[in-house]
Protein chains: 2
Amino acid sequence: MPMSMPLGDTPRRVTRRRVATRARLLDAAFTVFAAKGFGRVSIEEICDAAGYSRGAFYSNFATLDELFFALYQDRADVIAAQVAEALAQDGPGLDVPAAVDRVTEVLLLDVDWLLVKTDFLVHAARDPDVARALLDHRARLREAVADRLFRARGHTELPAVLGDVDSAAHAVVAAYDGVTTQLLLDKDVEAARAWLKQLLTALLTDGSRTPV
Amino acid sequence: MPMSMPLGDTPRRVTRRRVATRARLLDAAFTVFAAKGFGRVSIEEICDAAGYSRGAFYSNFATLDELFFALYQDRADVIAAQVAEALAQDGPGLDVPAAVDRVTEVLLLDVDWLLVKTDFLVHAARDPDVARALLDHRARLREAVADRLFRARGHTELPAVLGDVDSAAHAVVAAYDGVTTQLLLDKDVEAARAWLKQLLTALLTDGSRTPV
DNA sequence: TGTATTCGATACACCGATGTATCGAAAGGG
DNA sequence: CCCTTTCGATACATCGGTGTATCGAATACA
């Protein structure tokens, strides 16, 4: 059978070279997507940036969409792990300001990631399958936050307006998204961090407490 | 001089026909952008949807980007006016739940608009000039909210954590953006409205007050 | 109504990007 | 070390979209 690109079924031998090129293609894609936006990038640009020809691309992916999806999955996993780690620290009593600080550092670390993630959002908004992947990622983040808040119940009080721990976690993610939008426009990372800290503090601590 | 498309200088006569075609092109563009995303739309698709040929397009715009920009400006003005109107109602004493209800209805009315607006965000994130336009729109919304809160000072208390009226307005916009993101993924308008109301209430009323 | 001007349809030339087929080179198994 | 399998570079055919030039039709103004 002279089919030259058997992508449908897994090849029997899995080469070391293959995983390396795949990784380099994904890295290059991340850079190029961040710089120009998914909608304005050609397959060839990514291959050039990675130091390959288009043959390498078609040997590893069927379409640009497929590469984009794989790229998002990889990076989202890393972020989720980082957030979980940032929340795992200190004991059962939740030190809200400290935890907020750590999470904020992780979430607003890399503007390029926010750019790519927003491209992916736009993409997902028109494709239910892709949307599912993004919703999964958000759910993972939310659960990490909710778990942490749940462990802290009894030690630290939440404002009553938010209701349960789950709503509070939802609110944290929403605040993150809101600050992200502003950051993408003014590119002021430090301002965004300060602002996200303030927002999260306002959401997670009782309003009757005085700030600062 | 046989230049056939004098777009640089304003034509001496301004035809009625021209404004009609321009409007129809913008309307069609809105529909097509919402359905497929800015990055996946060709000039020809828009002309087809509007019932024109590409000649009409090039007679009115120089590039797709230019049309997109004009489209955003038009619609953003409408939204800003609607929000201002929703906030203008009832007297100096601010009825937070009622105002929140009205604003929420306006802001989360049209999912297509949210889709296009997010496309525009992604676009603006890579072009400072475009970003300025979007920041202007956001500033207009913020000011409308801040004005309203300012008029209500003394009558209604804000939670201390948010600080001044301006921070509170900032928080309102951030909450809007956050809820928008979720809505684009799950397409559940009613859930988004309920959730935005809850978030805004949590942000704008003192946490010591009990809800509902 | 006549006429100068503007508007938009059509046709054409032109990339740029895509996907496939082919083949030499690299890599792993024996 | 040989030989089989896989990987990725190159070449090719093709297609869709772009931008411009041209020209008839529509429109405003006198």
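Values below: every heavy atom of this structure, side chains too, minus hydrogens, waters and symmetry copies. Lettering of chains follows the sequences in order, A, B, ..., and the numbering in each one begins at 1.
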Student: Do we see a donor-acceptor contact under 3.5 Å between the side chains of D164(A) and S167(A)?
Tutor: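 Yes, S167(A) and D164(A) have a side-chain donor paired with an acceptor closer than 3.5 Å.
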Student: I need the CG-P distance between D65(A) and dG19(C), as an integer number of Å.
Tutor: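 Computing the D65(A):CG to dG19(C):P distance gives 10 Å.
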Student: Taking R75(A) first and then D27(A), would you say they form a salt bridge - that is, a charged N and a carboxylate O separated by under 4.0 Å?
Tutor: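 Yes, R75(A) and D27(A) are salt-bridged.
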Student: On DNA chain D, does the nearest nucleotide to R54(B) precede the nearest nucleotide to A56(A) from the 5' side, or the other way round? Give the residue.
Tutor: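 That would be A56(A).
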Student: Mind checking what makes ring pair (Phe, Tyr, Trp, His ring centres under 6.0 Å) contact with Y72(A), not counting sequence neighbours?
Tutor: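 Partners of Y72(A) by the ring pair (Phe, Tyr, Trp, His ring centres under 6.0 Å) criterion, ordered by chain and then number, come out as W113(A), F120(A), H137(A).
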Student: Could you please name the option among dT18(D), dA9(D), dT20(C) that lies closest to any side-chain atom of Y58(A)?
Tutor: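 For the Y58(A) side chain, the nearest candidate turns out to be dT20(C).
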Student: Between dA9(D), dA17(C), dG8(C), which nucleotide has the shortest distance from any of its atoms to the side chain of S42(A)?
Tutor: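 Per side-chain heavy atoms of S42(A), the pick is dA17(C).
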Student: L64(A) CG to dG16(C) C1': how many Å, rounded?
Tutor: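 Roughly 14 Å, once rounded to whole Å.
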Student: Rounded off to whole Å, could you give me the OH-to-P distance for the Y52(A) and dA26(C) pair?
Tutor: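 It works out to 13 Å between those atoms.
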Student: In whole Å, what is the span from the CD1 atom of I43(B) to the P atom of dG8(C)?
Tutor: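 Taking CD1 of I43(B) and P of dG8(C), I get 16 Å after rounding.
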Student: Between atom CG in L25(A) and atom C1' in dC7(D), what is the gap in whole Å?
Tutor: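 After rounding, the reported distance stands at 12 Å.
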Student: Could you run through nucleotides 24-30 of chain D and give me one letter per nucleotide, 5' to 3': B if any protein heavy atom sits under 4.0 Å from the base, S if only the sugar-phosphate is that close, - if neither?
Tutor: --SBB--
Student: For H123(A), what residues pass the ring pair (Phe, Tyr, Trp, His ring centres under 6.0 Å) criterion, not counting sequence neighbours?
Tutor: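 So H123(A) forms a ring pair (Phe, Tyr, Trp, His ring centres under 6.0 Å) with F38(A), F68(A).
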Student: Any luck finding a side-chain donor-acceptor pair between T181(B) and R138(A) under 3.5 Å?
Tutor: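 Absent: no donor and acceptor within the cut-off.
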Student: Among dC7(C), dC7(D), dT10(C), which is the nearest nucleotide to the side chain of R18(B)?
Tutor: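 Nearest to the side chain of R18(B) among the choices is dC7(C).
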Student: Round to a whole Å and report the spacing from CZ of F57(B) to P of dT20(D).
Tutor: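 Roughly 12 Å, once rounded to whole Å.
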Student: If you check the S59(A) side chain, which of dG19(D), dG8(D), dG8(C) turns out closest?
Tutor: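 Ranking dG19(D), dG8(D), dG8(C) by closest atom to the S59(A) side chain puts dG8(D) first.
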Student: Any chance you could lay out the side chain to side chain contact (heavy atoms under 4.5 Å, CB included) test for F33(B) and L67(B), step after step, and finish with the verdict?
Tutor: CA-CA 11 Å; F33(B) 284 158; L67(B) 177 146; 3.8 Å; yes
Student: Could you work out which one of dA11(C), dT18(C), dG8(D) sits closest to the side chain of E44(A)?
Tutor: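 Among dA11(C), dT18(C), dG8(D), the one nearest the side chain of E44(A) is dT18(C).
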Student: What's the CZ-P distance between R22(B) and dG8(C), to the nearest Å?
Tutor: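 These atoms are roughly 12 Å apart.
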Student: Rounded off to whole Å, could you give me the CG-to-C1' distance for the D48(A) and dG8(D) pair?
Tutor: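 Between C1' of dG8(D) and CG of D48(A): 14 Å.
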Student: Do R40(B) and D65(A) sit within salt-bridge range, that is, some charged N less than 4.0 Å from a carboxylate O?
Tutor: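 Yes, this pair counts.
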Student: Hey, does the side chain of N60(A) come within less than 4.0 Å of dG8(D)'s phosphate (OP1/OP2), counting only N and O?
Tutor: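 Answer is yes, contact under 4.0 Å.
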